[in-house]
Amino acid sequence: MKSNVVFTESLNLYDEPFTTAETIAEHSGNDLRTITNRINQYKKDLEEFGVLHVNRAKPMKGSKGGRPKKIYQLNEEQATLLITYLDNTPQVRKFKKELVRQFYAMKTELLQRQLIRISGKVGRREMTDAIKESSAIGEEWYVYSNFTKLLYKTALGFNVSKLREVRGVDKKAIPLDFLNKNELDALNKRQNQITTLIDLGMDYQMIKDVLSNQGIVYQTTLKIPEEKRS
């Protein structure tokens with residue numbers, strides 16, 4: 001089984017992984033009606049493990065209309081419990097093993113991103129402090145903005161605005177929350193380099209020249225990362 005069966009709502013590293021009733025039906029060998037009936041039958045049991053989220057999808061364009069389609073989203077505990085209420089066929093057992101693998105992989109990836117994100121905050125504060133303490137760099141507000149632009153551009157190849165656009169997130173969203181592990185690693189590496197160069201007494205233009213000669217640490221892709229639900 002190679003297809004994704006576990007998703008996140010967005011690219012945010014604090015999202016909770018989930019699967020859907022449709023996914024369970026497709027990969028367990030049951031029809032959607034059966035899965036939906038099980039969810040409704042054992043709704044109270046499932047809600048012991050969190051809110052049972054239901055999204056409503058509008059009918060496809062060009063169709064004859066009808067009511068919005070209910071899309072049930074189940075977290076790891078809810079999905080695991082629901083499967084125990086299905087017939088224990090070979091296909092159900094195979095799907096359950098794949099579901100466990102993907103939930104574990106998704107949680108591990110999100111945890112790694114969270115840890116890197118936290119460590120990056122420390123590096124970011126050090127860079128800010130270095131700018132404040134530098135005698136070669138002014139204290140105007142735009143200085144910090146210039147260094148932020150330089151950081152993202154030389155680390156990932158794109159500025160913050162472009163990254164927000166590519167990832168489809170709100171302008172007020174914190175971009176660091178929507179970067180994958182490789183991107184966060186690259187950003188932290190570049191932050192440390194910038195801090196060191198500031199401490200060596202270099203001004204903005206000198207640092208920009210040095211980093212430009214080094215090239216981009218990790219060229220981020222315009223493609224939406226895999227954890228983005230399709």
Side-chain angles (χ1 to χ4, degrees), residues 1-117 166-169 173 177-184 221-230:
M1 185 180 297
K2 297 182 180 180
S3 58
N4 292 337
V5 297
V6 175
F7 316 94
T8 56
E9 189 65 35
S10 72
L11 295 171
N12 196 309
L13 76 171
Y14 297 108
D15 278 350
E16 180 181 32
F18 68 90
T19 191
T20 66
E22 285 85 350
T23 301
I24 295 174
E26 177 183 355
H27 294 283
S28 68
N30 290 274
D31 57 58
L32 182 57
R33 182 186 296 272
T34 298
I35 299 302
T36 301
N37 287 341
R38 289 288 191 278
I39 291 175
N40 290 325
Q41 182 180 359
Y42 298 105
K43 184 178 180 181
K44 290 185 178 180
D45 292 355
L46 297 172
E47 289 178 335
E48 290 183 21
F49 296 93
V51 176
L52 184 59
H53 293 285
V54 182
N55 288 337
R56 296 182 182 276
K58 295 181 179 179
M60 295 181 61
K61 187 175 182 180
S63 67
K64 295 181 180 180
R67 295 182 179 180
K69 181 181 178 182
K70 286 185 177 181
I71 301 178
Y72 286 97
Q73 295 181 358
L74 299 94
N75 62 29
E76 182 177 14
E77 292 83 0
Q78 291 169 337
T80 303
L81 178 62
L82 179 63
I83 290 177
T84 65
Y85 297 143
L86 302 178
D87 293 337
N88 196 31
T89 65
Q91 186 171 349
V92 168
R93 294 199 301 272
K94 181 180 179 181
F95 170 62
K96 184 176 181 179
K97 288 187 289 185
E98 183 62 24
L99 194 68
V100 170
R101 289 192 193 97
Q102 291 197 25
F103 264 118
Y104 179 80
M106 181 71 76
K107 289 193 301 182
T108 300
E109 167 69 14
L110 292 174
L111 179 59
Q112 289 176 337
R113 289 172 61 197
Q114 290 169 13
L115 293 174
I116 296 172
R117 173 76 171 88
V166 170
R167 298 296 151 84
V169 299
D177 289 348
F178 296 87
L179 301 182
N180 63 34
K181 181 179 180 296
N182 291 332
E183 292 165 343
L184 287 168
T221 177
L222 291 176
K223 181 180 179 181
I224 299 299
E226 289 186 1
E227 66 261 27
K228 172 73 175 177
R229 186 188 175 198
S230 59

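With salt bridges taken as basic N to acidic carboxylate O contacts below 4.0 Å, none links E47 and K44.
Here the rule is side-chain contact (heavy atoms from CB on, under 4.5 Å) with I35, and of N40, I83, I24 only I24 fits it.
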Worksheet entry | Trace of the side chain to side chain donor-acceptor pair (under 3.5 Å) decision for T89 with D87 | CA-CA 6 Å; T89 65; D87 293 337; over 6 Å; no
Fill in: From CA spacing to verdict: side chain to side chain donor-acceptor pair (under 3.5 Å), N37, T34
CA-CA 5 Å; N37 287 341; T34 298; 5.7 Å; no
Discussion item. Test side-chain contact (heavy atoms from CB on, under 4.5 Å) on V100 and K97; report intermediate values, then the result.
Written reply: CA-CA 5 Å; V100 170; K97 288 187 289 185; 5.8 Å; no
Practice prompt. Please lay out, stage by stage, how N75 and H53 fare under the test side-chain contact (heavy atoms from CB on, under 4.5 Å).
Written response: CA-CA 9 Å; N75 62 29; H53 293 285; over 6 Å; no
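Two residues are said to be in side-chain contact when any heavy atoms from C-beta on lie closer than 4.5 Å; S3 and H27 meet this criterion. Residues Q78 and L81 form no side-chain contact, since every pair of their non-hydrogen atoms from C-beta on lies 4.5 Å or further apart. A 4.5 Å side-chain heavy-atom check between Y85 and D45 finds at least one atom pair inside the cut-off. Side-chain contact between V6 and R101: absent, with no pair of heavy atoms (C-beta onward) separated by less than 4.5 Å. Here the side chains of R113 and L110 are in contact, with some heavy-atom distance below 4.5 Å. Side chains of I39 and L74 form a contact here, defined as non-hydrogen atoms less than 4.5 Å apart.
The number of heavy-atom neighbours closer than 6.0 Å to OH of Y104, taken from other residues, nucleotides and ligands shown, is 12 or below. Remark: N88 CG is packed, more than 12 non-hydrogen atoms of other residues, nucleotides or ligands lying under 6.0 Å away.
Ring pair F18/F7 is tilted by interplanar angle, where 30° to 60° counts as tilted.
Of all non-hydrogen atoms in S28 and L86, the two that sit nearest each other are OG-CD1, 4.2 Å. Of all heavy-atom pairs between F178 and R167, the closest is O-NH1, 3.1 Å. The minimum heavy-atom distance between P17 and K107, with the atom names listed, is CG-CG, 4.1 Å. Residues E22 and K70 come closest through the heavy atom pair OE2-O, 3.7 Å.
The OG1 atom of T19 lies 9.5 Å from the CD atom of Q73; values are rounded to the nearest 0.5 Å. How far CD of E98 is from NZ of K94: 9.0 Å, rounded to the nearest 0.5 Å. One distance of note links OH of Y72 with CG of L82; it measures 11.5 Å at 0.5 Å rounding. With rounding to the nearest 0.5 Å, the separation of CG in N55 from OG1 in T20 is 10.5 Å. In this structure, CZ on F95 lies 8.5 Å from CD on Q102, to the nearest 0.5 angstrom. Rounding to the nearest 0.5 angstrom, the gap separating the CE atom in M106 from the OG1 atom in T108 is 10.5 Å.
Side chains of S10 and N12: a donor-acceptor N/O pair is absent below 3.5 angstrom, by distance only.
In this structure, the side chain of D31 engages the main chain of R33 through a donor-acceptor pair within 3.5 Å.
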